[in-house]
Amino acid sequence: MDKVIAEKKKITRSNLITFAMVIIAYVIVEIMINTGNVSSLFKGLLVPLCIYSILAVSLNLVVGISGELSLGHAGFMCIGAFASSTWSMIMKSTSMPEGLRFFIAIVIGAVTAAFFGFLIGIPVLRLKGDYLAIVTLAFGEIIKNLVNALYFGIDANGLHFSLEDSMHLNMDGGTIIIKGAQGITGTPKNSNFTIGVILLLIVLFIVLNLINSRTGRAVMAIRDNRIAAESVGLNATKFKLLAFTISAAIAGVGGVLYAHNLSSLQALPKNFGYNQSIMILVFVVMGGIGNIRGSVVAAVVLTVLPELLRGLSDYRMLIYAVVLILMMLCTSAPSWIQYRERIMMSFGKNKKVNGKESN
Amino acid sequence: MAAMLKVDSLGISFGGLKAVDNFNVEIEKNELYGLIGPNGAGKTTVFNLLTGVYQPTSGQIVLGDDNITGLDCEAISKKGIARTFQNIRLFSQLSVLDNVKVGLHNRHEYSTLDGIFRTPKFRKIEREMDEKALSLLKVFDLDGFCNYKASNLPYGQQRKLEIARALATDPKLLLLDEPAAGMNPNETEELMNTIRLVRDKFDMTILLIEHDMKLVSGICDRLTVLNFGQVLKQGQTQDVLHDPEVVKAYLGD
Ligand SMILES: Nc1ncnc2c1ncn2[C@@H]1O[C@H](COP(=O)(O)OP(=O)(O)OP(=O)(O)O)[C@@H](O)[C@H]1O
Ligand SMILES: [Mg+2]
């Protein structure tokens, strides 16, 4: 029992370190802002840092913990962004307090994205194999294109949808909220660094505790060996679906932050397209698959670095590709693994590896 | 004495191949029963039928008083059949302790929300699970390895961990698929003691597949010999092993 308790303490400590890192980084940045040591460029990066960290953690839940590949996480972000932004636009003119309105916007973003995650997951996660990657890839692109074609307005008669143009909404006065490719203009700017950090901490709390619970163990067991997991009475589809839905909800929250950080929201390949999904995957792979703290670190480093090396921005995707290949070699090629283990040994790392996600 | 497992004319075909055909067996409570036969005879397929991995094309399976024919893996595990695999299937990235705790999943429950919010219920049940899992590991002398990653255990210990995980589901019937495969004579000897211990300590009914005749004749009360998917012989271990037909078809000279 002593060993078990010691192990639990180790995991708790590791989780606390993750929270502490985020909080300390936040405090340092706040101090720097208040002493006027932060460029406006960097200030503009603060909310995106939170968004990408949240998305990386979300995707790691699918890729690292559940062992499925999703190539459409930007799609869930897109859904969270547009659903919550629509809500905020509708309620903007009412007397609802801003804080409450934004809180509900977050819930709406999360729930809508979760709903779509669940819907996609039901048929796909029954299958054994990498079907999720293909379906989510298609889903991400479809959602982006659909939103680009979507017109949505509200008037005294209720809600109006169209996939043609604003004329087809048949509006009787009222306001048009989503204007096709022009998207939504005028979303209230409710996101800020503090809220971003709070949401990141909540997401970390949920994901880390989930991983170190009965449910998380079941999800990881199914990842490691589906047949054995079913033989001890686990319903593989149910747990994969649960992890995927939670992940989609979290990605939706990232979308809410995104939408409420800019006054104009459009579904572009740049923000909600395939490249964005891959970028989030890069964060996850670089931070270590299954390593939650690593995801946050990688998201921050890989978002800040390119800005610091502005001159290299044209080569950004190229550099990512090279680094990704190196990472894969480093983590998968036997000779590299041997080499890495030798180095670890020489640092006196304990050979006894802790099998559990402990970050 | 009522049978713990009663299988009646069980069969399955893959395409045209009748992998198992008209298979019958009755295993009594607390019995140690052996299933033997040449490679490809259909032994593992019988296990897959009993545990719901495959659905039988004919026949029925009764466990205790429950007709479990046609149920899926999850339901059958809950009814009380647990197994190990011919090629070890552990949760390789999880710790030894967590492998057993996954086995306890359906016997010690709290909700996902309890887990996320670390409620008192979460703490209490986790503690129970830790204690239960450790006591199971102790039976197999694995408690010292509880924090090891399962894939880092030596081969023999991995086999034992698989049995411990199966027992964690609190089964009525334990199926072991070639538990001695890849073991040297000393390890096999030790394994025989472990299997006997499991039977006595947990009052367990065990059905095992094995090619090692020393183990089979050492611990099995009764045997069924399977050949080309059909029962070739059934009866007391020594009678079956000396049957001329069995010697000819399987044991050789
Ligand atoms: N899913 C499947 N699809 C098609 N054929 C199968 C399937 N599973 C088993 N078989 C076939 O059924 C027959 C019995 O296989 P099984 O694995 O049960 O043999 P076994 O008695 O366990 O052999 P061994 O001693 O080698 O483990 C084999 O011919 C095998 O190829
Ligand atoms: Mg077999």
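None of these values were measured; they are calculated from a predicted model.
- Minimum heavy-atom separation, A:Gly233 to B:Lys78: O-CE, 4.5 Å.
- The choice from A:Ala218, A:Ala228, A:Ala6 that makes the most heavy-atom pairs within less than 4.5 Å of chain B is A:Ala228.
- With values rounded to the nearest 0.5 angstrom, B:Cys73 atom SG is found 8.5 Å from A:Ile227 atom CD1.
- Counted within 6.0 Å of CZ on A:Arg126, heavy atoms from surrounding residues, nucleotides or ligands total 12 or fewer; the atom is thus considered open.
- Heavy-atom minimum distance, B:Asn147 versus A:Lys3: ND2-O, 3.2 Å.
- Around atom CD1 of A:Ile104, more than 12 heavy atoms belonging to other residues, nucleotides or ligands sit under 6.0 Å away.
- With a 4.5 Å cut-off on non-hydrogen atoms, B:Ile116 touches chain A through its backbone and its side chain both.
- Using a 4.0 Å cut-off between charged nitrogen and carboxylate oxygen, A:Glu230 and B:Arg89 do not count as a salt-bridge pair.
- For A:Phe103, the CZ atom is loosely surrounded, since the number of other residues' heavy atoms within 6.0 Å does not exceed 12.
- Of the listed residues B:Ile125, B:Thr169, B:Thr112, the one with more heavy-atom pairs under 4.5 angstrom with chain A than any other is B:Thr112.
- Other residues, nucleotides and ligands contribute more than 12 heavy atoms inside 6.0 Å of the CG atom of B:Asp200.
- How far CG of A:Asn209 is from CG of B:Leu113: 11.5 Å, rounded to the nearest 0.5 Å.
- A heavy-atom distance below 4.5 Å is found between the side chains of A:Lys8 and B:Asp130.
- Expressed to the nearest 0.5 Å, how far CZ of A:Arg214 lies from CD of B:Glu109 amounts to 4.5 Å.
- Rounding to the nearest 0.5 Å places CZ of A:Arg217 at 9.0 Å from CG of B:Leu94.
- In this structure the side chain of A:Ser213 reaches within 4.5 angstrom of the side chain of B:Arg118, judged on heavy atoms.
- Atom CG of A:Asp2 and atom SG of B:Cys146 lie 10.0 Å apart (nearest 0.5 Å).
- The contact between B:Tyr110 and chain A is made by backbone and side chain atoms together, counting heavy-atom distances below 4.5 Å.
- When each of A:Leu242, A:Ile5, A:Ile222, A:Leu210 is scored by its heavy-atom pairs under 4.5 Å with chain B, the top score falls to A:Leu210.
- Other residues, nucleotides and ligands place no more than 12 heavy atoms under 6.0 Å from the CZ atom of A:Phe115.
- No part of B:Glu162 comes within reach of chain A, as not one of its non-hydrogen atoms sits under 4.5 angstrom from that chain.
- Residue A:Phe19 qualifies as enclosed at atom CZ: its count of foreign heavy atoms under 6.0 Å is above 12.
- Using a 4.5 Å heavy-atom threshold, the side chains of B:Gln93 and A:Arg223 count as touching.
- Within 6.0 Å of the OH atom in A:Tyr131, the count of heavy atoms belonging to other residues, nucleotides or ligands does not exceed 12.
- Proximity to chain A involves both the backbone and the side chain of B:Ser92, based on heavy atoms less than 4.5 angstrom apart.
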Point to revise | CA sep, side-chain torsions, deciding dist, call: B:His105, A:Val232, side chain to side chain contact (heavy atoms under 4.5 Å, CB included) | key: CA-CA 8 Å; B:His105 188 94; A:Val232 295; over 6 Å; no

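- Taking the side chain as every heavy atom from C-beta outward, B:Leu90 and A:Asn225 never approach each other to under 4.5 Å.
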